[in-house]
Structure formats: structure tokens, C-alpha cells
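To start, the structure under review is shown below, and the notes come after it.
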Amino acid sequence: MRATLRWAHSDLRTHRGEALFLVLATAGIVVSLLLATALFGYATNPWQRVFTQARGAHVWLHTGASADTGKLAGLDGVESVAGPYPTASTTLASRGTRASVELRGTPERPAVARPLLTSGHWLDPANPDGVVLESRLARALLAAPGDTLTLPGTGRTLTVLGIADSAEPRYRAGEQAGLVWAPPAAVRNTGGQVIGLRLTNPDDTDYAVQRAVTVLGSGAVSEVSTWKQARAEAQGDNRLLGQVLGLFGLGALVAAGLAVHGAIGTRIRGHLRDISVLKAIGFTPGQVVRVFLLQHLAYALLGAVAAATVIQALGSLIPGRLGDAVGVWQGLPGHTVALFAVPVGAVLFIGATTGLAAWRAGRVPPVPVPRRAAPLGGRLSGAARQALGLRLPPALVLGWHRAFTRRLRSLATVARLALPLLLIVVAMSAWTTIDRFDSRPEQIGLPTALTVHAAGLADPDARTLLERDPQVAAAYPGVEVAALVPGQTATIALRGLGTHQDPYPYALAEGRTALGRDEAVAGQGLLELLDVKVGDWVRMTVGDQPQILHIVGRSIEPENAGRVISTSLDTLRENDPGLGPTLYELRLRPGADPAEVADRLADAGQGRLDVHAVPNPADGLSPLRGVVVGLIAVLALIGLIELLTAIGGTVREGERDLLALKAIGLSPRQITAITVTSTAFTALAAAVIGTAVGVPLGHWLIDSQGRSSGIGAGIAQGPPAVLLLLLGTAAVTGAAALAAVPASRAARRRLADTLSAAA
């Protein structure tokens with residue numbers, strides 16, 4: 001044991017930098033995997049907890065005020081109902097912020113879909129203007145219990161009595177109205193009613209929706225939402241962050257394992273004589289294997305324990321969503337198991353790759369086998385000899401020859417170095433895609449910056465008022481209604497935007513824009529929901545009127561999970577000539593500030609214009625930028641480990657050729673240049689492969705995520721060519737710079753040392 005420890009200590013002193021990098025890389029990998037685990041738990045658990053405690057409804061149906069919803073309680077599979085409650089759509093304003101809301105008349109606190117109060121108290125019959133806000137809506141309005149909210153254009157005010165969590169779809173500006181529980185007397189101008197169904201078997205949701213719509217009549221149901229949609233929306237960006245962290249964490253773990261495998265293999269080749277001596281003095285093959293295995297397991301264990309300790313102690317202090325996720329995750333039942341299992345799994349994986357490499361050390365014979373000392377020139381290929389005959393620099397030719405003379409070993413080295421570079425390119429693709437959402441939103445389905453709802457203004461007057469602003473480039477009239485899909489199991493958004501003369505500028509990923517009668521474009525989420533493709537005809541129901549449209553293109557739709565079909569306002573008017581625009585999408589001039597334009601329009605409208613900023617998915621992905629930077633740092637550490645290994649192997653392989661190179665008249669500087677050039681060629685090959693594979697892989701991964709989220713493929717943006725060139729240049733120049741010092745030392749070794757090493 002003492003000899004084993006002395007050997008391990010000596011090896012640690014020789015490779016301190018490599019050991020430190022391995023510890024840091026392992027720590028970074030485990031941190032990424034633990035954060036991914038926390039985000040997955042955070043994405044799923046809060047909604048599930050609220051749904052369970054509130055006894056949430058599995059189906060919500062919005063119907064007309066005259067619908068006989070009492071029949072639904074007797075349907076097979078319906079355990080209980082919430083409501084029906086009268087509803088009214090309106091707008092609330094607080095501290096200069098506005099939000100579209102649904103006022104829901106709730107005479108008493110319900111037993112099914114029961115709001116969970118987080119602050120304040122429930123409705124008070126003595127206060128007919130008191131309301132309770134859904135928590136996300138309250139955050140958007142900066143409202144707290146005791147605050148007063150106004151209803152623009154009515155002169156009415158409401159008082160916030162409480163804030164509550166709900167398992168229903170939460171407020172999203174421009175997409176989902178916020179939920180406000182109010183006394184029935186406060187719900188004026190009732191536009192309909194809503195009823196919730198709690199089912200005995202949640203898996204029968206689609207069937208229950210079909211039965212309910214059949215009983216009530218399709219014309220009576222205006223909107224359907226299910227618990228599955230609410231859960232998916234609640235998970236949202238948190239699940240995406242978890243997937244990104246998990247993907248890169250696992251990729252980095254594989255890269256680290258391969259780097260350790262390569263480092264041990266190179267070290268074994270460089271210490272064959274020392275290993276033979278260990279066996280000659282009594283070490284068994286198992287003991288030799290354990291020397292390498294325990295040493296690298298100790299490095300990995302140190303990094304894993306440090307990562308777990310940091311996440312447990314300081315993870316909740318990380319600013320933003322990551323810190324919130326860790327704080328919630330630490331309170332979940334499976335937290336302790338995950339905190340133990342993830343680091344152990346990472347250590348075991350590194351141990352497995354270490355064991356495979358260390359097994360070769362156990363097979364080294366006790367008696368050293370002399371190395372062949374054939375001169376380098378005797379192994380030169382014909383192409384290399386011709387290159388030397390053309391008087392190309394010997395360092396260039398011999399460096400290329402040394403880098404790729406052993407094909408299998410050279411390919412393995414290039415592949416191990418290319419893997420972290422490949423993952424860095426994918427991470428850079430994620431960064432540039434997020435930046436595309438910010439800098440070029442019109443290319444990812446956001447050609448407009450503001451949505452305006454006009455109350456009490458005729459279409460010509462509203463458009464004149466909007467286009468009068470000097471920073472408004474165009475105002476597209478439109479209407480958005482909820483439509484039932486065939487089978488009546490779900491609700492989609494049907495939009496009519498723009499006219500035939502002034503079409504709406506959709507961002508198309510497939511097909512063409514809708515120009516003719518009954519033509520439309522659809523989002524990826526709708527195509528997958530209906531199992532249709534571009535070129536198909538689809539039928540939907542708006543109220544009691546059917547609408548049949550021909551899908552001629554697939555648009556990138558960041559809203560409503562892509563469950564959107566869009567046509568022109570003129571097409572919808574063909575079915576309903578009296579249909580007028582209810583909203584206007586505003587395209588601003590370059591450089592315009594949406595907030596300033598919104599303020600000017602609100603003032604100019606004198607309370608008749610409700611202006612909202614169009615939500616950008618990149619706003620919820622801002623934490624991903626910091627994640628990408630951290631992942632690139634971890635991957636760079638792994639690449640540095642592999643690079644140091646490659647340099648060490650190249651220097652050791654060149655020791656036996658040193659005498660031959662000096663004999664043919666090469667100076668120490670030229671010999672150093674051979675090693676540096678060999679390392680640079682290896683890094684160049686890895687950079688080319690990493691870039692060539694990383695760019696299409698990044699596109700595929702990002703588009704796959706876009707497709708699964710409903711936005712659709714076509715959002716991926718590769719890194720600029722200049723950035724890729726800088727990455728490759730940095731890899732090659734960094735490799736050459738790192739190789740210069742050890743190569744120079746090896747080139748200036750004494751002849752006696754060289755003979756000893758070659759023996």
C-alpha cells in the first residue's frame with residue numbers, strides 16, 4: 001500500500017495541472033447535471049402540487065350564457081364539477097401596466113379547482129368590488145392585497161383582497177387572459193360562462209371533452225382547455241433549460257470519460273518501463289490497475305463532492321430562475337436521492353472508462369521490451385518524401401507525418417479532442433439562436449412589436465390613429481377567435497390578419513404565404529395536433545359555423561404552442577360579412593422603442609386603445625445565456641485535458657526519433673517545430689471535424705426542440721463563420737502554444753537521456 005501511495009503521489013506531482021483540470025471538469029459536469037435535475041423537478045412539481053391540493057379540474061369549457069351546463073355533472077366519468085360561473089372579458093390597469101383578464105363570478109370558495117391563497121384573504125360579501133388575482137397576473141400588474149385596480153374606459157375600480165395560485169392556464173401577455181375571481185355582482189356584461197370537470201380517469205380527457213361538446217352542442221362551446229395543456233405551459237421554459245443542461249451535461253460527461261481514457265492510455269505508453277519495474281518488484285497486475293483506477297477515481301470523487309456541496313449550500317442563492325429551481329427542488333421528496341445518485345453516477349462512469357484504460361497497464365510484461373529505433377526517414381511515406389524533395393520545410397512535412405502516421409491512434413486522439421469542440425459549437429448555436437429572437441424577431445414569427453385592441457373606434461378611425469404615429473410602419477387589422485378542431489377535443493386559435501391588398505408578413509418555414517381565397521398558414525403545433533401537412537384542407541368550428549381552410553404554408557408560431565392557423569381577414573369575412581377587426585398588429589420602424597410607442601398610443605387613444613407588447617420567447621430564455629457560458633467553460637477544460645494528453649503523447653513518441661533527427665542535421669528549434677506542428681495539425685483536424693459535425697447537429701437539436709414545443713423547425717441559427725473561424729484559430733494556436741515549452745525541453749535533452757528513453 002505504501003508503494004502504491006508513493007507511486008500515486010509521484011504521478012500527481014508530475015501531472016498537477018491535469019489533475020486540477022480533471023477535478024474542475026468533473027465538478028462542472030456534476031453541477032450541470034444537478035441543475036438539470038433541479039429544473040426538471042421545478043418544472044413539474046409546483047404545478048402538480050397546486051393541482052393536487054386544489055383538486056383541479058381536468059377539463060374547462062367556456063360556453064354561451066344560455067348553455068345548459070347542468071347536464072355535464074351526470075356524464076359517465078365525471079367525478080365532480082366546478083361552476084358554472086359567469087364570466088366577462090375586460091382589461092385591468094395598475095401602475096401604468098395593463099392586462100387582459102377574465103372576471104369569474106364566484107359566489108363562494110369552490111371545493112373543486114379551489115384557488116390556493118398565497119397572500120390576503122378570500123372574497124368578502126361585504127366588499128362587492130373586492131377580487132382575488134391569480135399569482136402570475138398579480139406579478140404582471142405589480143399588484144398586492146389592498147391595491148386598487150382600474151377598468152380603463154369604465155370609471156370602475158376593483159380592490160385586491162388576495163393573491164392565489166391556480167392549476168389552470170396562467171396569464172401570458174397577448175396569449176392567455178389572467179384569471180380574476182370576483183363576486184357575481186362585479187361581473188357585468190356577462191359574455192358567457194365556464195364550467196370545470198374533474199374526471200375519475202384523467203387519461204379519458206379527450207373522450208370526456210367529446211361527450212361534453214356533444215351534449216351541449218358544438219355551437220354552445222367556445223373554448224376548451226385541459227389539464228395536459230396547463231401542465232405543459234407551466235413546465236414551459238424551465239423544462240427547456242433542464243433539457244439543455246442535461247444534454248450538455250451528459251455530453252460533457254462522455255467527453256470527460258474519453259479524455260481520462262486517453263490520458264491514462266498515453267501515460268501507460270510513456271511509463272512502460274516504470275510499470276515493468278513495479279511488476280518486477282512484486283506488484284500484481286491487479287495492483288497496477290488499482291493504482292491508476294483509484295487515483296483517477298479520487299480526482300473524480302473530489303470534483304463530484306465539491307459540486308454537490310456547492311449546489312446544496314449555495315445553489316438557492318443563484319440569481320433568477322436557476323436559484324428558484326434549486327430552492328424548490330431542495331424541498332422535494334426525491335432531492336436527497338438525486339443529490340447522491342447524480343454525483344455517484346458521474347464518478348462511476350469516469351471509473352468505468354478509467355478501468356478500461358488501466359486494464360492495459362495490468363498487461364504490461366515485467367521485463368521491458370526494447371523499442372524499435374528505426375530512423376524516422378525509413379518510415380516516411382512516398383508523399384512525405386516527395387514533399388521533402390520539393391524543399392518544403394522539414395518541420396511542416398515531418399510534423400504532418402508524426403500527427404497521422406499511426407492512423408488508429410491518431411484518429412482516436414482527433415475524435416476525443418473534436419468532441420468537446422463539437423459541443424462548444426452546438427452551445428454557440430444555441431446562443432446565436434437566442435440572439436436571433438432578440439435581434440431579428442421578424443424571422444422567427446414576430447414581425448410586429450405591439451398588439452392594440454380598440455374599444456369604441458371604427459376601423460378607419462382606429463387605423464388612422466395608429467398610423468399617425470411616426471414610428472408605426474404598418475398597422476394590420478385582425479381578429480382572433482377560438483375554434484374547435486375536428487373531433488371537438490381541443491381548442492385552437494384561428495386568426496385573420498391583414499388583407500389581400502396588405503398581407504400580414506408571416507415568417508414561413510415551409511410552403512408559401514396565403515394569398516388566395518380559403519388559404520391559410522398553420523403552426524407546427526396545429527399540424528401535429530390534427531395530423532395534417534402543408535397542402536391539406538382542414539375543417540374547424542367557430543361557434544356553430546364551420547370554417548374550411550386550405551393550408552398552403554407552415555409558419556413559425558411562437559404563441560399558443562404553435563396551435564394556430566392564420567388566414568387573411570378578408571377570408572374570414574366571406575363567412576361572416578359583418579365581421580370587423582378587434583385588434584391591430586403594429587410593425588414599428590427600425591430603432592423604435594415599443595414602450596415609448598405604446599405610451600404615446602395609449603395617450604392618443606384617451607382610454608380607447610389597449611396596447612400590449614408582443615411577448616418574445618427569448619424573454620423566458622435569458623437564463624440560458626449564462627448556462628451556455630458555463631457549459632463552454634467546462635467543455636474548454638475538458639478539451640484542455642485532452643490537449644495536454646495529446647501533447648504529452650506526441651513529445652514521448654518523438655523521443656526515440658530525436659537522435660535520427662539530430663543526425664540528419666536538424667537543429668533543436670526545427671525539432672521543436674516538428675512537435676508543435678504535429679500538435680497544431682491534430683488540433684486543426686479536430687476543429688474541422690467539430691465544426692463540420694457541430695453546426696448541422698446544433699441545427700437538428702434546436703429545430704427538434706422547436707418542433708416539440710410547437711414553434712416549429714426553422715428557428716435554428718448557426719454561429720457566424722467569423723466566430724467559428726476564431727474558435728478554430730484559438731484551438732490551433734492554443735495547442736501550438738501549449739506544445740512549445742515541452743517540445744523545446746525535449747529537443748534540448750542530452751544524448752545520454754535520449755538513449756535511455758529509447759532503450
Side-chain angles (χ1 to χ4, degrees), residues 62 169 172 174-176 209 213 218 221-226 229 232-233 444-448 451 476-500 503-576 579 581-583 585 614-615 706-715:
H62 285 74
R172 299 192 311 279
E175 296 184 47
Q176 178 69 43
V209 172
V213 173
S218 60
V221 179
S222 59
E223 185 177 349
V224 178
S225 63
T226 67
Q229 294 171 333
E233 292 170 3
I444 45 88
L446 299 173
T448 58
T451 300
Y476 301 99
V479 63
E480 179 176 339
V481 295
L484 290 176
V485 301
Q488 301 174 334
T489 58
T491 303
I492 61 172
L494 170 61
R495 293 176 180 167
L497 294 175
T499 61
H500 292 321
Y504 186 78
Y506 293 102
L508 293 181
E510 183 181 352
R512 60 177 177 85
T513 189
L515 298 175
R517 294 180 56 187
D518 298 327
E519 292 185 345
V521 296
Q524 184 78 50
L526 182 134
L527 297 179
E528 295 186 354
L529 176 67
L530 302 184
D531 192 22
V532 296
K533 61 183 183 298
V534 174
D536 290 346
W537 290 79
V538 295
R539 182 183 186 276
M540 64 208 71
T541 306
V542 181
D544 57 355
Q545 292 188 352
Q547 181 76 52
I548 302 175
L549 295 172
H550 182 208
I551 300 177
V552 297
R554 177 174 67 81
S555 58
I556 298 177
E557 288 290 351
E559 300 180 4
N560 200 36
R563 295 183 173 187
V564 178
I565 186 167
S566 304
T567 185
S568 69
L569 184 59
D570 294 339
T571 297
L572 296 185
R573 279 174 172 164
E574 292 177 2
N575 259 8
D576 185 1
L579 184 66
T582 60
L583 58 88
E585 295 288 343
V614 175
R707 189 179 297 108
S708 66
S709 66
I711 295 177
I715 62 173

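All of these numbers come straight from a predicted model, not from anything done at the bench.
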Side-chain donor/acceptor pairs under 3.5 Å, residues 506-514, sequence neighbours excluded:
residue: Glu510; atom: OE1; partner: Arg554; partner atom: NE; Å: 3.3
residue: Arg512; atom: NH1; partner: Glu519; partner atom: OE1; Å: 3.1
residue: Arg512; atom: NH2; partner: Glu519; partner atom: OE2; Å: 2.7

Legend entry - Gap between atom OG1 of Thr541 and atom CD1 of Ile492 - 0.5 Å precision: 9.5 Å
Inset, instruction - Evaluate the side-chain proximity of Val538 to Ile548: yes if any heavy-atom separation is below 4.5 Å, no if none is. - result: no
Legend entry - Approximate separation, where rounding is to 0.5 Å, of Leu527 CG and Arg563 CZ: 12.0 Å
Inset, instruction - List the atom of Leu572, the atom of Arg495, and the distance in Å for their closest heavy-atom pair. - result: CD1-C, 4.2 Å
Inset, instruction - Look only at the side chain of Asp536 and the backbone of Lys533, and say whether a donor-acceptor pair between them is shorter than 3.5 Å. - result: yes
Inset, instruction - Please examine the side chains of Ile565 and Leu549, heavy atoms only from C-beta on, and report whether any two atoms are closer than 4.5 Å. - result: yes
Inset, instruction - Identify the two heavy atoms, one from His500 and one from Leu515, that lie closest to each other, and give their separation to 0.1 Å. - result: ND1-O, 3.4 Å
Legend entry - Heavy-atom pair with the smallest gap, counting every atom of Pro447 and Tyr504: CG-OH, 3.4 Å
Inset, instruction - Could you tell me which non-hydrogen atom of Thr499 sits nearest to which non-hydrogen atom of Pro477, and how far apart they are? - result: CG2-CG, 4.5 Å
Inset, instruction - Indicate yes or no for a side-chain donor-acceptor contact from His550 to the backbone of Ala520 under 3.5 Å, with no hydrogens or angles considered. - result: no
Inset, instruction - Name all residues meeting the salt bridge (charged side-chain N to carboxylate O under 4.0 Å, His left out) criterion together with Asp518; count only those two or more places apart in sequence or in a different chain, and write none if there are none. - result: none
Inset, instruction - Look up atom CG in Leu497 and atom OG1 in Thr567, then write down how far apart they are to the nearest 0.5 Å. - result: 9.5 Å
Inset, instruction - Show the numbers, then the answer: is there a side chain to side chain contact (heavy atoms under 4.5 Å, CB included) between Thr448 and Tyr476? - result: CA-CA 9 Å; Thr448 58; Tyr476 301 99; 4.2 Å; yes
Inset, instruction - Heavy atoms only: give me the nearest Gly523-Glu557 pair and the separation to one decimal. - result: CA-CG, 3.8 Å
Inset, instruction - Grab the two heavy atoms, one from Glu585 and one from Leu583, that are nearest each other, plus how far apart they are. - result: OE2-CD1, 3.9 Å
Legend entry - Rounded distance (nearest 0.5 Å) linking atom CG of Leu569 with atom CD of Glu574: 10.5 Å
Legend entry - From CG (Leu446) to CD1 (Ile556), nearest 0.5 Å: 9.5 Å
Legend entry - Non-hydrogen side-chain atoms of Val479 and Pro581 separated by less than 4.5 Å: no
